[in-house]
2 protein chains.
Amino acid sequence: MLDKFFNPKSVAVIGASRDETSVGHAIFKNALKSKARVYPVNPNAKQILGVKCYPNVKDIKNEVDLAVIVVPAAITPQILIDCAEKKVENAVIISAGFSETGNKSLEAEIKRLSDELGIRVIGPNCLGVLNAKNNFSFFTGQFKDGEIVLISQSGALGVGMLDWIIDKGIGLRSFVSVGNMTDVEFSDLVEYFSKDKKTKVIALYIESFKNARRFLKACSKSNKTIIALKSGSTSKGGKAASTHTGALATDDNIVSGAFKQYGVLRVGEIEDLMYCSLASAWMPKPAGNKVVVVTNAGGLGVISADDIEEQDLKTAEVPVKELSKFLPKNWSHSNPVDLVGDARADRYEKVFRSLDKKSFDALLIILTPQSMTEPLKTARSIVDFSRKIGKPVYTCFFGGEKVEKANEYLLKNNIPVFEEPGEAVETLKLLLES
Amino acid sequence: MLDKFFNPKSVAVIGASRDETSVGHAIFKNALKSKARVYPVNPNAKQILGVKCYPNVKDIKNEVDLAVIVVPAAITPQILIDCAEKKVENAVIISAGFSETGNKSLEAEIKRLSDELGIRVIGPNCLGVLNAKNNFSFFTGQFKDGEIVLISQSGALGVGMLDWIIDKGIGLRSFVSVGNMTDVEFSDLVEYFSKDKKTKVIALYIESFKNARRFLKACSKSNKTIIALKSGSTSKGGKAASTHTGALATDDNIVSGAFKQYGVLRVGEIEDLMYCSLASAWMPKPAGNKVVVVTNAGGLGVISADDIEEQDLKTAEVPVKELSKFLPKNWSHSNPVDLVGDARADRYEKVFRSLDKKSFDALLIILTPQSMTEPLKTARSIVDFSRKIGKPVYTCFFGGEKVEKANEYLLKNNIPVFEEPGEAVETLKLLLES
């Protein structure tokens, strides 16, 4: 049943509008790009963007798989009744003005109707869905198919993360803004996407649960990596969360303990949610705590060594004799392997080839643009090597525009790119403990 | 005496080269753009980039304020002797191959010569200097004058930070790659830049000290904000640092205690060094711990409230009645002030104007691009407001390309821009404790 939210053959946008600044216009326009047949519904328009407009969803002759409801909150119950008459079984309610503004009775009404009429509802007070498989999206922006599903209880934060992902050209399987979750909630979505072969990671931003036990059960049954940023963890944050989505705060320690028990990786920052998702989707999980760092910048090597020790990981042994055969005299003679500032791509590559695969669990490659540096060529070597090695390979090319193309190339080839070594090491630690 | 490193009227680049891939070429080419007269010195070339080349620094008839030495390490002593004969009093030795490769005697020889001949030396094993005042730079890239001086013991990391700064269009007063510090070291530079009126912040990347006591004394006497990332803080990092610049590790707790006592703000990550520098250069220090958060994204409000509580800061009281007069019904009715997703710039502005200045110490403004959002217009309101308020104003516009122009505008107008609320709150906390 949930499949029609993501792969509808026909969609009615109820509240589609000619006003280009309105949400009803934007959603309709974006939905038009999908493979689905999209009908605008609005009693005050004859056509929108050249598409024939219907006064009521019931006036559409063909079948409607999914209704998207963008009308004032007060009339949403009537719209649901219309949808039921039209035999629509799935509805996304974008409209706001329910429990989050104190209007609990209206939200209860929606819940009652969706149960009685047998309509599955995402929302209300949400921003909708995106599904790469059929190019179906409520959102502007070019996206590409990938292995990560992002589910967010905060629409705006979700869209912020979505933009971050789209901006970097990272693939995304699906995005869901769940809103107030009167019906469809985290558990349903975890169950649904756990059945999707391409999905590898389900990343969640959670403020509160409707049914925490069901969620944990769904997670423990899933064969996907599930990563959650659960906010509202402090008393102030919990208070802010309750006004935001009408959420009830949960004791934070219980949450952490339960997540651990049921195999949910809990992270504390937005950045961690993004980076852990990329690293899990693209790289194997680290099998142990021994890290090799290869760098052309001594300082970043020193910082990495600090980070590794602070996170209770280990710097692996490296074959010093072997490496000394071709590295310049002033290389570091230990791990972090400081290749020295004039390293070209081939020096990186030779080091990769010289490493004993059994001696380490993860590789962190650092590069700063110096006069001899070949960022893009080095990125190519990394991509080739990472495909052979079967261990997590993380990168940190540090230096603005000069490494931009190399970073794009790495991301395009599913190599995690970090902004500084500390983030890479933290991600390794989080995944190792998960 | 140190002034000739940064404001030389005439510079000899000894080891300037016609080979476009060489460091000697790049430095010469970059130095040519400055106001100084620049002479290439190379016995094997008649001219370089159309400029007459001299076989020896002694052959230059005019005075030479600064020698830049980019020759093989072994002949640097002879070059220093030549410089002394030419009465050059300042030399930057770029050449590597000294204590960092185990060649301690050659480094001792350089030190002895610089003392005996009375030549102040930056380096060896460094990447040189940049000074915005006279457009003097060893580095490629457009930079603009600013309030921050960046001093780095790691050349590559320094250049990485430099690129980050240049890339964002942030102003920089000066950059110094100090290398092995046989002569000029952190203390000298802190003393020198403390006398520069425009400089507000001195940011340092430190692996080790030549004379820690002198450094601390210089810092305590300085009226600038001094922020230091001291790495090699763990045993592994310390080991890496000692091979990197031949540095001797210091007990880490002693470092932290001494920094605190002498007014040096110690940070733990590269990001913190950058953000604390921006925030200190552009904004007043927070006078207390009460923060107001204004956001159009409820989720980021919740996360901010968590961050604020986790860092032992406080969410300030906000004038709920006053704000309710013009905010939509479903605003959060507390701090974080959630303006709701459809907030345009004027809604932000009205909130700024309604705040009681006495009730808070810092303002964090969050924005995610939603359908009604006006990022650039909101950025303009923030710039106007921040000029009047006399308190730190930090921003976090979250959402890739859609907020790029707004973020550029904010940075151009000296408003700190953070990648997520957690970083802004951490920076506030660090500066509050400094």
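Below, each value reflects all heavy atoms present in this structure, side chains not excepted, and no hydrogens, waters or symmetry copies. By convention in this document, chain letters (A, B, ...) are assigned in the order of the sequence lines, proteins followed by strands, and residues within each chain are numbered from 1.
- Shortest non-hydrogen contact noted between Asn180(B) and Phe98(B) is ND2-CB, 3.8 Å.
- For Asp306(B), the parts sitting under 4.5 Å from any heavy atom of chain A are the backbone and the side chain alike.
- Of the two parts of Asn296(B), only the backbone, made up of N, CA, C and O, holds a non-hydrogen atom closer than 4.5 Å to a non-hydrogen atom of chain A.
- Of all the heavy atoms in Leu157(B) and Ser154(B), the pair that sits closest is N-OG, 3.1 Å.
- For Phe175(A) and Phe143(A), the distance between ring centers is not under 6.0 angstrom.
- Considering every non-hydrogen atom in both Pro421(A) and Ile270(B), the closest pair reads CD-CD1, 4.2 Å.
- Contacts between Pro336(A) and chain B at a heavy-atom distance below 4.5 Å involve the side chain alone, from C-beta outward.
- Contact annotation for Ile308(B): neither backbone nor side-chain heavy atoms come within less than 4.5 Å of a heavy atom of chain A.
- For Gln370(B), the part lying near chain A is the side chain, with the backbone staying farther off; criterion is any non-hydrogen pair under 4.5 Å.
- With hydrogens and angles ignored, the 3.5 Å screen pairs a side-chain donor or acceptor of Asn30(A) with a backbone N or O of Ala26(A).
- Of the two parts of Ser231(A), the backbone and the side chain both hold a non-hydrogen atom closer than 4.5 Å to a non-hydrogen atom of chain B.
- For the 3.5 Å distance criterion, the side chains of Asp19(A) and Thr21(A) qualify, holding a donor opposite an acceptor.
- Interface check for chain B: of the options Lys329(A), Glu271(A), His25(A), the most heavy-atom pairs under 4.5 Å are formed by Glu271(A).
- For chain B, no part of Ile166(A) is nearby; none of its heavy atoms comes within less than 4.5 Å.
- When heavy atoms are compared at a cutoff of 4.5 Å, Met372(A) approaches chain B solely by way of its side chain, counted from C-beta outward.
- Heavy atoms closer than 4.5 Å to chain B are found in both the backbone and the side chain of Thr140(A).
- Interface remark: Pro328(B) contributes no atoms to any contact with chain A (heavy atom separation under 4.5 Å).
- The shortest non-hydrogen separation linking Pro375(B) to Phe397(B) is O-CE2, 3.5 Å.
- Residues Asn335(A) and Val293(A) come closest through the heavy atom pair OD1-N, 3.0 Å.
- Using a 4.5 Å cut-off between heavy atoms, Glu420(B) touches chain A through its side chain atoms alone.
- Residue with the most contacts toward chain A among Glu310(B), Glu401(B), Glu309(B): Glu309(B) (heavy-atom pairs, distance under 4.5 Å).
- For Ser304(B), no part sits under 4.5 Å from any heavy atom of chain A, backbone or side chain.
- Pairing each heavy atom of Val320(A) with each of Trp331(A), the nearest pair is O-CZ2, 3.6 Å.
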